[in-house]
*Asks:* 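Please read through the structure below; I'll follow up with questions.
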Amino acid sequence: MVCMVMVVQLSLTYRRRTDKAIRWLLLWAIATLLLYSCHFIYFNHYINLIPFSDTIYVTMNLLVYPLFLLYISGITDRSPLSRKKSFLLLVFLPPTIAGIIVGSLYATMDPDEIKKFVINYLYYGHESSLTGLALLQAWVHIICQVLFALQVAIVIIRGFRRIRRFNKIIQQLYADTENKEIEEIPTILILFIITSLISSVVNVLGRHLFVDSIIISLPSLAFSALIFALTWVGMHQDFTIQDIPEEHEEETDYTEDIAIMSNNNSASIYEKLEAMMNEQQTFLKNNILLNDVAKLLGTNRTYLLQALNSCAHMTFKEYINRKRIAHAEQLIINNPHMPKTEIATQSGYNSMSAFYRNYALYHQD
């Protein structure tokens, strides 16, 4: 039911959104819906439907995590993985082959073999009594479980790297990252890892351990909550890498240029930055960008980023927000009865949520 509701919600969101990343999240939700529909058939003992549902289950089980990686890539990559035919082949070919093999074996097996395989292997996890095509079917399922575990590890590693890189770019370019940075990404990664671990454990242990047991309620509730959370966060992530001007993104990768400018030059730029911030309070400007500050200083983004990195050891986001919160703290001291909304506005914030979040991070105890 959760999957069905989220598919409907994502379908409506897809009609409103222009970014292509949401398409992959919708496909992920559809694959998840099909996967858990097969779970429904399995756990309700609809034996006659098992050959069909198990074929779909094996296919979708190998598809859901790669689809989620395609969604993450759509948000974080200037040239997303969906544009690479070789990667799309890796995403769709293994599930398709697995589904064809499993379906073909079911079509070839006689009714007695199917019943023996379903009862002995799928419901009780015993393969020792299987022979012929039924044994081959069991081995195909085991291979698919191994592939699934490998997929989980690959998606977690590659997804985390992309999200971390994306957030770093946002933090270097923007002072106000609300609705830009993937703010819930620590949460979404934790949820994603928990979901992955549960999926891997359940696949290794075997679904048969949860048949006719109250224990089934635990993974059911966990998966329902996590799927809802992942989908909900995805629906509200409007900002993608495509919304960043390409020339801005290119100049945030300044690691190779650090040696170009001496420490003295970095210190000089940082001194000018501090002087400008203290005299003009440029940090109070709403939606201030790294590019704006660099132009005011008469330098470029690369050198300004280098100065911030070497002299303040901060991102542009942290630097500006530390200045803003210090200003807010002074306002609170000088005007103890001033409403918090006015303090936030006078400190350069457009929303109270951004003010409270940064105050919690940067206020001086």
*Asks:* Could you verify whether a donor N or O on one side chain and an acceptor N or O on the other, from Asn350 and Asn287, lie under 3.5 Å apart?
*Replies:* yes
*Asks:* If you round to the nearest 0.5 Å, how far is CD1 of Ile114 from OH of Tyr106?
*Replies:* 7.5 Å
*Asks:* Mark yes when over 12 heavy atoms from residues, nucleotides or ligands other than Met338 sit less than 6.0 Å from its CE; otherwise mark no.
*Replies:* yes
*Asks:* Calculate, to the nearest 0.5 Å, the distance between atoms SG and CD belonging to Cys311 and Gln306 respectively.
*Replies:* 8.5 Å
*Asks:* Might you point out which heavy atoms bring Leu62 and Pro95 nearest each other, and give the distance in Å?
*Replies:* O-CG, 3.4 Å
*Asks:* Would you find a donor on one side and an acceptor on the other, under 3.5 Å apart, between the side chain of Tyr123 and the backbone of Tyr42?
*Replies:* yes
*Asks:* Does the Lys317 side chain pair with the main chain of Lys168, one donor and one acceptor, at a distance under 3.5 Å?
*Replies:* no
*Asks:* With rounding to the nearest 0.5 angstrom, report the CH2 to CG distance, Trp28 to Leu35.
*Replies:* 10.5 Å
*Asks:* Between Gln242 (side chain only) and Arg78 (backbone N and O only), is there a donor and an acceptor less than 3.5 Å apart?
*Replies:* yes
*Asks:* Side chains of Asn265 and Tyr303: is there a donor and an acceptor less than 3.5 Å apart?
*Replies:* no
*Asks:* When you look at Arg324 and Asp176, which way does the salt bridge (Lys or Arg N to Asp or Glu O under 4.0 Å) test go after all the steps?
*Replies:* CA-CA 11 Å; Arg324 288 176 173 176; Asp176 300 296; 2.5 Å; yes
*Asks:* Does the side chain of Asn321 pick up a donor-acceptor pair with the side chain of Tyr349 at under 3.5 Å?
*Replies:* yes
*Asks:* Assess whether side-chain hydrogen bond (donor to acceptor under 3.5 Å, both in side chains) is satisfied between His363 and Asn358, documenting all intermediate values.
*Replies:* CA-CA 8 Å; His363 81 96; Asn358 285 287; over 6 Å; no
*Asks:* Can you tell me how far the OH atom of Tyr270 sits from the CG atom of Leu304, to the nearest 0.5 Å?
*Replies:* 10.5 Å
*Asks:* Would you say Ile325 and Met277 are hydrophobically clustered, going by side-chain heavy atoms of ILVMFWY under 4.5 Å?
*Replies:* no
*Asks:* Thinking salt bridges, do Arg165 and Asp77 make one under a 4.0 Å N-O criterion?
*Replies:* yes
*Asks:* Nearest 0.5 angstrom please: Lys180 NZ to Phe166 CZ, how far?
*Replies:* 10.5 Å
*Asks:* Measure from the side-chain N and O atoms of Asn335 to the backbone N and O of Ile332, and report whether any donor-acceptor pair falls under 3.5 Å.
*Replies:* no
*Asks:* Have a look at Tyr319 and tell me which of His313, Gln171, Glu274 forms a side chain to side chain donor-acceptor pair (under 3.5 Å) with it.
*Replies:* Glu274
*Asks:* Start with the C-alpha gap between Tyr71 and Phe68, add the side-chain angles, then the distance that decides, and say whether ring pair (Phe, Tyr, Trp, His ring centres under 6.0 Å) holds.
*Replies:* CA-CA 5 Å; Tyr71 163 67; Phe68 198 82; 5.7 Å; yes
*Asks:* Mark yes or no for whether Ser73, through its side chain, and Leu81, through its backbone, hold a donor-acceptor pair below 3.5 Å.
*Replies:* yes
*Asks:* What is the distance from atom CE of Met1 to atom OG of Ser224, rounded to the nearest 0.5 Å?
*Replies:* 10.5 Å
*Asks:* Side chains of Gln172 and Thr315: donor-acceptor distance under 3.5 Å anywhere?
*Replies:* no
*Asks:* Donor-acceptor check, side chain of Asp292 to backbone of Ile288, threshold 3.5 angstrom: yes or no?
*Replies:* no
*Asks:* Do the side-chain N and O atoms of Glu178 and Ser353 include a donor-acceptor pair separated by under 3.5 angstrom?
*Replies:* yes
*Asks:* Salt bridge or not for Lys115 and Asp110, using N-O below 4.0 Å?
*Replies:* no
